[in-house]
Each structure stands twice: as C-alpha cells, then as structure tokens.
There are 2 protein chains.
Amino acid sequence: MKFSAQTEYGLKAMINLAQRGDKTKSIKLIAEEEGVSPKYLEKILNLLRKQDLVESFKGTNGGYALKKSAAKISVADIVIILEGPIEPMKCVGKVCHMENSCSLKNVWSILGQQIEHTLRKIKLSDLIK
Amino acid sequence: MKFSAQTEYGLKAMINLAQRGDKTKSIKLIAEEEGVSPKYLEKILNLLRKQDLVESFKGTNGGYALKKSAAKISVADIVIILEGPIEPMKCVGKVCHMENSCSLKNVWSILGQQIEHTLRKIKLSDLIK
DNA sequence: CAGATACCCTACTAATTTAGTATGCTTTAA
DNA sequence: TTAAAGCATACTAAATTAGTAGGGTATCTG
C-alpha cells in the first residue's frame, strides 16, 4: 500500500518547479537539489510533459516549467500520471463468487474514490511555502 | 497504488470463513472455493493466525475458523497484517528539503490515516450476505 | 495403536515490477 | 558552429511478490 519512488520524485520535482514560478529550470539542477538521478528524473518529467503538466524548452538556458499555475495542479493529477489510475485492487483471483468479490469490489471502489478525492483537493500551491 | 494479491486472497478467505460461522473449514476447501493455490493460502492463513484473527485445529476434520465474531474483525485488521502498516509513502529521496518533503509527509500522513479509518469501519460482517 | 488428515515450518524458485543506466539523436541560444 | 539542454528507446539491475517443495507435528477415527 505504497506509492512508488517515481511518484515521490515527480512530486518533489513539481513542487520544486512551483517554487520557481514560471521560470525554467534544468533537469540537472532539479535532480541535484532533490537528490535524484538526472536520467531517471528526465524520464519522469517526460511523462508529466506528455500529459501537459509541464512544458520544456530546449537549448542553452532551456529546462522545464509548470504549464499551468500551481493552484490548478493537484497532487492527484501527478499521482495518476505516475502511478496509474487509483484502483486499490483489481481482483486477480480466478474464482469470483458474487457474494465475496462483489462486496470486496465495492470496498475498493469506495476507497479509491475517497483517495482520489483527497488528493484532488491538495494543490501544488498548498505545498509551497 | 494497489494492494497485493496476498491481501485479496486473505480477505476472500476471511469472508469465506465468516460465512461459515464458527465451524472450521480446511485450507484445501477454502483454496478450492476461492481459486487460490492451497500452499500459498496456507502461508497467508498462518500470518492471520499468528495475529489472532483465526484459530486452527489439526487432525481429521480440522481446519480454520474465525477467532472473533465477524462483527469484530475489520478489513483494516486484515489489510494491515498482510500489507504492513498503511503508510502511502516513506520518503526514499536522499535529500529532504524542509519546504518540500515536510509538506509531502503531511499529505501522506493525512491520507494514510484516512484510508485506515475507512477500512477500520468496514467489518467482515458487512461483507457477507 | 495405526494410519490418515490437516496444520506447521523453513527454505527455495520463479515471475513481475520498479528503479536506474546507456546511448545516440534533435533542437536551440549564444 | 558549438555547447547546452531536452527527446527517445532500449537495456540492466535490484527489489518485491507470488508461488512451490518437502518434511515435521498434532489429532481424530477406527
């Protein structure tokens, strides 16, 4: 019941960028500040870029910046991109008795919605000083 | 952001036992009904037994039974035994700036408590017909 | 008391997922 | 034109999870 390191790194990078305002910052610098491998962070920021959470600029003095204001980006936005949809359980068992798994499915569904709702309310702007 | 198959199997087995009342049922039979490997289920039930959620009886006509009433066992009880404590994120990054990770830690802490609270309210007795 | 049944325990293996690297290419500002 | 930076793909390594194997121990039944 954990989020991956990828999600942590992505969130840290996004918070880092949010603190920067709308100026760009290079992967190398973010990676250094957050203590993450630059190459790994590169992959993560790529994912976030493809989903329009950040934009990138090539060349000298290039780098990344938030694409929307920090108040419009929620923790859920980031988590869902890096972690996949919030579904605490997909039933893997072969047998699925109505009386068991359907009640369980309901548990996971309610829980998933609740988690997403909570993370949706927390914006990047709430997380910066 | 998922629970493991082990947790699903454990929950299914517990629901299965709850439906049985306080009579015992063998691993073999539960495993068959739930479509899980008996050997794997054996290990899972062992974990639940060591935490006093079920009790076991050896010998002919032996098997497992709930140790408390289904109304006194919550989904959280089972999940925590099989999944470990509900902490959605332990910070793994080497660097931990006050302004970043402390706000994040707060997010995970609130979320973890909320998840646990939700699962704590759902009892086995709510999940059986 | 013998034998079958069913749990108990430890160690091992296989599969899957996650984390991290390597390499080479393309764009762009100075 | 050159160096800085991102882009893309493929690969490798580490960690976790799932599942097996095999022998031991208690207990009921005849």
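Protein chains get the first letters and strands the later ones, always in sequence-line order, with residue 1 at the start of each.
Salt-bridge check for B:K28 with B:E32: failed, with every basic side-chain N at 4.0 Å or more from each acidic carboxylate O.
No side-chain donor-acceptor contact under 3.5 Å links A:E87 to the backbone of A:W108. Side chain of A:E116 to backbone of A:A76: no donor-acceptor contact under 3.5 angstrom is found. Of the possible donor and acceptor atoms, none in the side chain of A:E42 sits under 3.5 Å from a partner among the backbone N and O of A:I27.
Atom-to-atom, OH of B:Y40 to C1' of D:dT16 comes out at 11 Å; the value is rounded to the nearest Å. Between the P atom of C:dT28 and the CD atom of A:E55 lies a distance of 13 Å, rounded to the nearest Å. Straight-line distance from the NZ atom of A:K2 to the P atom of D:dT17: 9 Å, rounded to whole Å. A:L82 places its CG atom 14 Å from the C1' atom of C:dA19, with the value rounded to the nearest Å. Summarising the geometry, the separation between CD1 on B:I44 and P on C:dC7 is reported as 14 Å, rounded to the nearest angstrom. For A:E8 and C:dG20, the CD to P distance is 10 Å, given to the nearest whole Å. Atom-to-atom, CD1 of B:I30 to C1' of C:dA6 comes out at 12 Å; the value is rounded to the nearest Å. B:F3 places its CZ atom 17 Å from the C1' atom of D:dT16, with the value rounded to the nearest Å.
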Report, as a single string ordered 5' to 3', how protein heavy atoms within less than 4.0 Å touch nucleotides 3-13 of chain D: B base, S sugar-phosphate only, - not at all.
-BSSBB-B---
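Contact between the side-chain N/O atoms of A:S4 and the OP1/OP2 oxygens of C:dT17 is not found at any separation under 4.0 Å. In terms of phosphate contacts, B:Y9 brings a side-chain nitrogen or oxygen within less than 4.0 Å of OP1 or OP2 of D:dG19.
Checked by atom type, the side-chain pair B:S109/B:N106 shows no donor-acceptor distance below 3.5 Å.
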Side chains of residues 51-67 of chain A: which donor-acceptor partners sit under 3.5 Å, not counting sequence neighbours?
{"from": "A:D52", "atom 1": "OD1", "to": "A:K67", "atom 2": "NZ", "distance (Å)": "3.0"}

